[in-house]
Colleague: 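Okay, here's the structure, questions in a sec.
Keep in mind that what you see is a predicted model, and the values were worked out from it rather than measured.
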Amino acid sequence: MTDRTGKARLIDDHGPYDPMSLSFSADGKRAATTVANRANQTGDIWIYDLARGTRDQFTDERSLTMDPVWSPDGKSIVYASTEGAPPHLVRRSLTGTTSEQLMPTDEFRFPGSFTSDGATLYFRQAPWARPEVFRLDMRTRKAEPVLSNFLGRDPMVSPDGRWLAFSSNATGASEVYLQDLSGKDIPRIRISTHGGQFPQWSHSGDLFYLSSQNIVMSVAPRVARDWSDTISTELFRAPADTTRFAASPDGQSFLFITGKQGAEDSLFHVILGWQ
């Protein structure tokens, strides 16, 4: 975990962690990530108390649970579960023992972010080669496409609900874009200039992302709400081998998942006579 200057402190190194699962709670006091179990090829979501550096297991399923997204009120987490089906959207209360299925299990679906009122969930739907972005009405459970003709990942809705930040490699390199959600015919805006991924919003409306040079970038419009002209600031270089990062709601702290090669990563197993 780092501050805006890059000063870091270690939260935990008792992985392995799912390289793409990391999120802050709305109050910034807790974080959730997936701790993998290589022995049985599963993984459960654990919740960290960031001040004390402690962690508690949240899910206990015979499957892989990943991509946790906190509800704005901090009372539940939506995540992707592979239990009995391809990754699908489920929700579990922090005080509950069972999960609630949000949509059918006919497609690969991964949660992205909630609107600030918790009424709408933005999520990514496979196929992997061309993932699409949808939004789900949490009351009616009806979903509609937001990005159906443009490859998009990491859908993150702005605090005011006006903009959707996402990353896409539609041009051949991953870049960060903004899509207007007001219904006006406004072309999508490319925010990153030389590569970017993992867009994140602060509560005040600042946008962060990780550049292709592994620099944490902060972006804000020169004129309020006009993202066609922005100011980009390099904050600090992220830890080496970062696979995921998350920005705290106040924009003052950042979490990183980093990866390094273990002893078993260099092993190649050959099985003979399996027929």
Side-chain angles (χ1 to χ4, degrees), residues 20-27 32 45 58-59 61 65-96 98-128 130-168 177-189 198-203 205 207 225 227 246 249:
M20 300 301 289
S21 297
L22 183 65
S23 66
F24 272 97
S25 62
D27 60 10
I45 295 170
F58 177 60
T59 63
E61 301 178 9
T65 57
M66 53 192 166
D67 292 1
V69 174
W70 296 77
S71 63
D73 62 9
K75 295 181 179 180
S76 63
I77 291 178
V78 171
Y79 57 93
S81 171
T82 63
E83 187 170 24
H88 54 282
L89 302 178
V90 298
R91 176 172 61 181
R92 179 180 291 190
S93 165
L94 263 67
T95 59
T98 60
S99 59
E100 169 194 12
Q101 185 174 302
L102 297 180
M103 294 186 68
T105 59
D106 55 337
E107 298 282 355
F108 286 62
R109 297 186 175 99
F110 305 88
S113 62
F114 276 102
T115 51
S116 58
D117 59 3
T120 304
L121 173 72
Y122 286 82
F123 66 92
R124 173 171 56 93
Q125 180 171 298
W128 293 104
R130 194 169 187 83
E132 301 173 324
V133 174
F134 286 72
R135 57 186 163 203
L136 175 68
D137 187 311
M138 296 297 290
R139 181 179 60 85
T140 65
R141 302 296 169 84
K142 292 183 178 180
E144 62 178 357
V146 178
L147 295 173
S148 58
N149 59 352
F150 193 78
L151 198 155
R153 296 182 175 88
D154 306 310
M156 303 297 292
V157 63
S158 62
D160 61 4
R162 169 70 187 276
W163 299 96
L164 183 73
F166 63 96
S167 59
S168 173
Y177 296 83
L178 287 185
Q179 174 73 46
D180 179 74
L181 297 174
S182 67
K184 299 178 181 179
D185 188 19
I186 299 176
R188 63 178 58 92
I189 301 169
F198 310 140
Q200 301 274 302
W201 294 96
S202 70
H203 280 170
L207 182 63
R225 300 183 180 181
W227 285 92

Colleague: Testing the basics here: between Ser93 and Phe58, what is the closest heavy-atom pair and its distance to 0.1 Å?
Modeller: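 In terms of heavy atoms, the two residues are closest at O-CE1, 3.7 Å.
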
Colleague: Would you say Ser21's side chain and Asp67's backbone share a donor-acceptor pair under 3.5 angstrom?
Modeller: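 The answer is yes, because a donor-acceptor pair under 3.5 Å joins these two groups.
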
Colleague: With a 4.0 Å cut-off, would you call Glu61 and Arg92 a salt bridge?
Modeller: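 Between Arg92 and Glu61 there is a salt bridge, with a charged N closer than 4.0 Å to a carboxylate O.
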
Colleague: I need the Met103 CE to Leu121 CG distance, nearest 0.5 Å.
Modeller: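 Nearest 0.5 Å value for the CE-CG distance: 9.5 Å.
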
Colleague: Is the backbone of Pro104 close enough, under 3.5 Å, to the side chain of Arg109 for a donor and an acceptor to pair up by distance?
Modeller: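 Yes: the side chain of Arg109 pairs with the backbone of Pro104.
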
Colleague: In Å, rounded to the nearest 0.5 Å, how long is the span from CH2 of Trp163 to CZ of Arg225?
Modeller: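 Separation between the atoms: 11.0 Å.
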
Colleague: Flag the pair Arg135 and Glu144 as a salt bridge only when some basic side-chain nitrogen lies within less than 4.0 angstrom of an acidic carboxylate oxygen.
Modeller: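 Looking at Arg135 and Glu144, the cut-off is met.
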
Colleague: Does the side chain to side chain contact (heavy atoms under 4.5 Å, CB included) test come out yes or no for Arg162 and Trp227, once each step is laid out?
Modeller: CA-CA 11 Å; Arg162 169 70 187 276; Trp227 285 92; over 6 Å; no

Colleague: Testing the basics here: between Leu207 and Pro199, what is the closest heavy-atom pair and its distance to 0.1 Å?
Modeller: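 Minimum heavy-atom contact is CD1-CB, 4.2 Å.
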
Colleague: Nearest 0.5 Å, please: how far is CG in Leu164 from OG in Ser158?
Modeller: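 Rounded to the nearest 0.5 Å, the OG-CG separation comes out at 8.0 Å.
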
Colleague: One pair to check against side chain to side chain contact (heavy atoms under 4.5 Å, CB included): Tyr79 and Val69. What are the steps and the verdict?
Modeller: CA-CA 6 Å; Tyr79 57 93; Val69 174; over 6 Å; no

Colleague: Would you check if the side chain of His88 reaches a backbone N or O of Asp106 as a donor-acceptor pair within less than 3.5 Å?
Modeller: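 Not confirmed, His88 side chain does not pair with Asp106 backbone.
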
Colleague: Between Met138 and Arg91, is there a side-chain heavy-atom distance shorter than 4.5 Å?
Modeller: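 Result yes, sub-4.5 Å side-chain heavy-atom pair found.
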
Colleague: Quick one: are Arg141 and Asp137 in side-chain contact, heavy atoms under 4.5 Å?
Modeller: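 Side-chain contact under 4.5 Å: no.
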
Colleague: Using a 3.5 Å distance criterion without hydrogens, assess whether the side chain of Thr59 forms a donor-acceptor pair with backbone atoms of Ile45.
Modeller: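 Checked: pair present.
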
Colleague: Between the main-chain N or O of Pro159 and the side-chain N or O of Ser116, is there a donor-acceptor pair closer than 3.5 Å?
Modeller: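 It does hold such a pair.
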
Colleague: Carefully, step by step, assess Leu147 and Tyr122 under the rule side chain to side chain contact (heavy atoms under 4.5 Å, CB included).
Modeller: CA-CA 11 Å; Leu147 295 173; Tyr122 286 82; over 6 Å; no

Colleague: To the nearest 0.5 angstrom, please state how far the CG atom of Asp160 sits from the NE2 atom of His203.
Modeller: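 Going from CG on Asp160 over to NE2 on His203, the span is 12.5 Å.
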
Colleague: With rounding to the nearest 0.5 Å, note down the distance linking CG in Leu89 to OG in Ser99.
Modeller: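 If we round to the nearest 0.5 Å, Leu89:CG and Ser99:OG are 11.5 Å apart.
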
Colleague: Quick one: sort the Phe134 and Phe123 rings into parallel, tilted or perpendicular, breaks at 30° and 60°.
Modeller: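 It falls in the parallel class, under 30°.
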
Colleague: Going through the distances and angles, do Glu100 and Leu102 end up as a side chain to side chain contact (heavy atoms under 4.5 Å, CB included)?
Modeller: CA-CA 6 Å; Glu100 169 194 12; Leu102 297 180; 4.2 Å; yes

Colleague: Where do Met156 and Gly112 come nearest, in terms of heavy atoms and distance?
Modeller: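 Of all heavy-atom pairs spanning Met156 and Gly112, the closest is SD-O, 3.5 Å.
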
Colleague: Any chance you could measure Arg153, atom CZ, to Met20, atom CE, to the nearest 0.5 Å?
Modeller: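 It is 8.5 Å, given to the nearest 0.5 Å.
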
Colleague: Does any part of the side chain of Met66, heavy atoms only, come nearer than 4.5 Å to the side chain of Pro87, both counted from C-beta?
Modeller: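 Pro87 reaches Met66 side chain to side chain.
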
Colleague: With a 3.5 Å distance limit and no angle check, can you tell me whether Ser23 reaches the backbone of Pro68 through a side-chain donor-acceptor pair?
Modeller: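 Between the backbone of Pro68 and the side chain of Ser23 there is a qualifying donor-acceptor contact (under 3.5 Å).
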
Colleague: Return the orientation label for the Phe166 and Tyr177 ring planes: parallel under 30°, perpendicular over 60°, tilted otherwise.
Modeller: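 Rings of Phe166 and Tyr177: parallel, under 30°.
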
Colleague: Is Arg188 paired with Asp180 through a side-chain N to carboxylate O contact shorter than 4.0 Å?
Modeller: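 Here Asp180 does not pair with Arg188 in a salt bridge, since their nearest N and O are not under 4.0 Å apart.
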
Colleague: Nearest heavy-atom pair of Glu107 and Pro86: which atoms, and what distance?
Modeller: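 Scanning both residues, the minimum pair turns out to be O-CB, 4.5 Å.
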
Colleague: Tell me whether Thr120 contacts the main-chain N or O of Thr115 through its side chain, where contact means a donor paired with an acceptor under 3.5 Å.
Modeller: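 The answer is no, because no donor-acceptor pair under 3.5 Å joins these two groups.
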
Colleague: Are Trp70 and Leu94 close enough that some pair of their side-chain heavy atoms sits under 4.5 Å apart?
Modeller: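 Heavy-atom side-chain distance check passes, below 4.5 Å.
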
Colleague: Which heavy atom in Val157 sits nearest to a heavy atom in Phe114, and how many Å separate them?
Modeller: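 Heavy atoms of Val157 and Phe114 come nearest at CG1-O, 3.1 Å.
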
Colleague: How close do Pro249 and Ala26 get, heavy atom to heavy atom, and via which atoms?
Modeller: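 That would be CG-O, 3.3 Å.
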
